[in-house]
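Lettering of chains follows the sequences in order, A, B, ..., and the numbering in each one begins at 1.
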Protein chains: 2
Amino acid sequence: MKVTINDVAKLAGVSMKTVSRVINKEPSVRKKTYDQVMQAVKELNYQPNIAARNLAGTSSFAIGLVYDNPNAYYVIDMQNGVLSRCRDEGYELVIHPCESNSENMAEEFVTMIKRSRLAGLVLTPPLSEQQAIIDMLDELGIHYVRLLSGRAQEAESSANNCIFVDDYAAAYEITEHLIQLGHNKIAFVLGDEEHKSTAERLAGYRDALKAHDIKQDDTLLYHGTYSFESGVKGAKALLADGNPNQITAILGGNDEVAAGALFAARLMNIEIPGQLSISGFEDSPFSRQTWPKLTTAHQANNIISEHAARLLFSKTRGHRKNDKEVSHVFTPSMVVRESTGRVTQ
Amino acid sequence: MKVTINDVAKLAGVSMKTVSRVINKEPSVRKKTYDQVMQAVKELNYQPNIAARNLAGTSSFAIGLVYDNPNAYYVIDMQNGVLSRCRDEGYELVIHPCESNSENMAEEFVTMIKRSRLAGLVLTPPLSEQQAIIDMLDELGIHYVRLLSGRAQEAESSANNCIFVDDYAAAYEITEHLIQLGHNKIAFVLGDEEHKSTAERLAGYRDALKAHDIKQDDTLLYHGTYSFESGVKGAKALLADGNPNQITAILGGNDEVAAGALFAARLMNIEIPGQLSISGFEDSPFSRQTWPKLTTAHQANNIISEHAARLLFSKTRGHRKNDKEVSHVFTPSMVVRESTGRVTQ
DNA sequence: AAGCAATTTGACAGCGTTGTCATTTTGGCA
DNA sequence: TGCCAAAATGACAACGCTGTCAAATTGCTT
């Protein structure tokens with residue numbers, strides 16, 4: 001019933017240590033030996049015991065995914081991306097949702113790391129942006145990869161453990177798309193202030209306006225959060241009193257915000273996109289389930305997170321030279337659907 | 001830096017084994033000794049090493065959550081419920097998304113269990129309903145708890161490792177709600193045929209109609225899946241050609257389906273709830289983000305899954321007699337929002 | 001105060017793997 | 001052929017905890 005490394009060793013006629021070498025893809029095992037061992041592994045359907053490996057080895061066979069994000073679609077995508085890499089590598093994934101502003105977060109964090117002796121961590125925003133956390137991890141000597149909002153040039157000068165999503169470029173593109181449709185009163189319902197993505201997206205928006213000589217008007221900015229409710233509130237606020245600013249388009253901080261704006265527009269009997277264009281950000285399944293479907297910027301979270309895991313593993317394990325360079329910047333690309341249209345007057 | 005059980009033992013002036021007893025809440029430790037040990041644990045901020053516990057102990061300190069469900073909200077709720085229990089108990093959670101109809105699912109399944117030596121499993125539908133899986137687990141001697149769709153009376157006669165959600169009752173209630181609003185041409189866009197919840201919800205719907213002497217009409221049934229797209233298709237099919245059946249209400253198999261139906265209605269310029277009532281099922285955040293907001297049946301997935309974990313632990317560990325009875329049936333309760341209204345003609 | 005069962009504690013050997021370091025084998029070269 | 005460095009393999013002791021079983025302590029009872 002229970003097959004140990006010892007059984008395999010006996011069957012293959014080698015020592016346990018050699019089997020261990022094969023399992024761990026260590027170099028300096030003769031091809032012939034390797035084959036013998038693999039043969040035995042298959043024959044016995046041997047599965048290495050993770051607990052024993054964790055205990056005996058220097059680093060454990062588990063990585064953690066840390067997030068503080070209410071967006072279920074985002075989280076699931078992240079999980080699945082990391083998970084698929086973990087399966088390939090024979091690692092376990094320990095998920096760690098948390099609240100970044102809670103008192104004992106840091107403590108819980110350390111508890112988890114100590115308990116599981118994690119080989120590394122994938123940090124998602126906004127936690128990946130908190131210097132205090134980064135410092136703590138450095139101090140503890142924990143490997144980690146950060147998912148961050150940032151631009152291509154930033155990526156080059158950055159430490160080698162970051163994955164960037166170029167929100168700036170994406171926001172620029174979306175804004176330009178709206179401008180090309182004839183909009184010049186474009187409002188923006190921003191996400192959480194403390195998220196770097198909020199600043200990046202705002203910067204992209206601003207620069208696009210500037211590039212097209214459209215005057216900036218901060219009364220068109222609504223400072224909200226990355227939530228549906230915030231989208232509703234923001235749109236209501238912006239369009240209140242008969243839309244004094246003559247807004248013709250609203251950029252949502254993300255798809256949920258955009259959906260919220262859509263909801264508000266409906267309440268106010270505003271036609272989308274006839275009277276008002278709305279765009280999202282992220283391309284979560286969400287954006288295909290609103291009416292009308294959202295124009296948005298596609299961000300492949302599952303692929304991004306898979307890359308993050310890949311990068312983490314490349315630092316963690318035997319530093320195999322073949323997968324040397326891992327790409328570090330992802331730029332969301334625009335998806336035009338039905339929520340944006342040419343401006344009419 | 002690294003605190004072991006041995007350090008604690010020394011500080012507390014007892015043996016390692018005694019510390020172990022305290023950590024594991026085993027009985028027969030004198031109060032005084034217990035306090036001493038706990039004191040030392042705190043002082044050193046000792047965290048038991050999971051890998052070592054797993055390796056040395058009979059059962060491991062990790063449970064698995066298995067799901068095959070495209071609904072992100074559902075999955076996240078499940079995870080969080082189970083996770084909160086795991087944290088309390090000092091267990092790890094291994095998440096295992098899978099595809100129940102894939103070839104090598106069973107194999108992957110076993111691999112995972114062997115690798116991690118899981119203490120137990122929480123199975124969600126539709127996997128929890130597959131006899132082949134149950135048999136396999138029984139054979140392997142794995143503890144598990146099943147989340148199932150079923151009625152109160154069923155729960156009593158069932159094995160002691162199931163948590164039931166009374167979809168029948170919920171569907172009955174929703175249907176009755178619609179009937180009381182004057183509807184008698186109530187269509188139903190059903191979920192996946194192989195999910196037991198689909199049959200249960202249909203039965204509830206049927207019995208409610210019967211109880212109110214409304215004739216059953218199977219042309220009002222659309223056999224779909226639990227997806228948004230299915231809701232769109234279903235509603236389109238049901239209402240095609242000028243709504244020959246004079247449908248005044250549509251029951252969605254779940255919230256996504258209902259949202260899809262809503263979407264289709266909008267495409268067809270049908271007013272909700274003026275010309276058509278639509279109801280959902282599950283009360284995912286989703287149902288508050290459609291327009292209009294969905295009437296639905298609230299199903300507290302995070303609480304349900306927490307109970308499942310609780311039940312699993314009660315079978316796994318020291319069978320503490322104090323948390324003897326765990327409730328086994330959850331009945332979703334209706335939440336009336338804006339997508340259902342009185343019938344008008 | 002002695003005797004005894006019940007309770008509490010401890011010593012020690014594993015759990016299944018990997019790290020260390022010693023030993024054997026290999027293949028190239030004189 | 002013999003020698004030697006390099007490559008491949010193996011023996012054995014950890015890793016940090018728990019299970020087993022034996023020893024010590026407790027608190028009754030007589």
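Atom NZ of B/Lys32 is separated from atom C1' of C/dT8 by 12 Å (rounded to the nearest Å). Rounded to whole angstrom, the span from the CZ atom of B/Arg30 across to the P atom of C/dA6 amounts to 17 Å. Regarding A/Glu26, its CD atom lies at a distance of 11 Å from the P atom of C/dT20, rounded to whole Å. Whole-Å rounding puts the A/Asn6 CG to C/dT17 P distance at 9 Å.
Residues A/Leu44 and A/Leu11 have side chains in contact (heavy-atom distance under 4.5 Å, counting atoms from C-beta outward).
With no hydrogens or angles considered, no side-chain donor-acceptor pair links A/Tyr73 and A/Asn301 at under 3.5 Å. For A/Gln79 and B/Gln79, the side-chain atoms include at least one donor-acceptor pair closer than 3.5 Å. Side-chain contact check for B/Asp35 and B/Thr33: no donor-acceptor pair (N or O, by modelled atom type) lies under 3.5 Å.
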Contact state string [nucleotides 10-15 of chain C, B base, S sugar-phosphate only, - no protein heavy atom under 4.0 Å]: BB--BB

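Closest to the side chain of B/Ser28, out of C/dT25, C/dT8, C/dT17, is C/dT8.
The C1' atoms of five pairs define one axis at each end of the helix from C/dA1-D/dT30 to C/dA30-D/dT1, and these two axes lie 40° apart (to 10°).
For A/Lys17, there are no salt bridge (charged side-chain N to carboxylate O under 4.0 Å, His left out) partners, not counting sequence neighbours. Scanning for salt bridge (charged side-chain N to carboxylate O under 4.0 Å, His left out) contacts around B/Arg30 gives an empty result, with sequence neighbours left out.
Pairs engaging residues 74-85 of chain A under the salt bridge (Lys or Arg N to Asp or Glu O under 4.0 Å) rule: A/Arg85-A/Asp88, A/Arg85-A/Glu89, A/Arg85-A/Glu306 [sequence neighbours left out].
Between atom OG of residue A/Ser197 and atom CG of residue A/Asp192 there is a gap of 8.0 Å, rounded to the nearest 0.5 Å.
Contact annotation: A/Asn24 reaches the phosphate of C/dT18 (side-chain N/O to OP1 or OP2, under 4.0 Å).
Salt-bridge annotation for B/Arg87 and A/Glu108: present, with a side-chain N of the basic residue lying under 4.0 Å from a carboxylate O of the acidic one.
The footprint of chain B on DNA chain D, defined by a heavy-atom cutoff below 4.0 Å, extends from D/dG16 to D/dT26.
If you check every strand for non-hydrogen atoms under 4.0 Å, A/Tyr34 touches nothing.
Aromatic pair A/Tyr67/A/Tyr74: centroids not less than 6.0 angstrom apart.
Between A/Tyr91 and A/Phe61, the ring-plane angle classifies as tilted under the 30° and 60° cut-offs.
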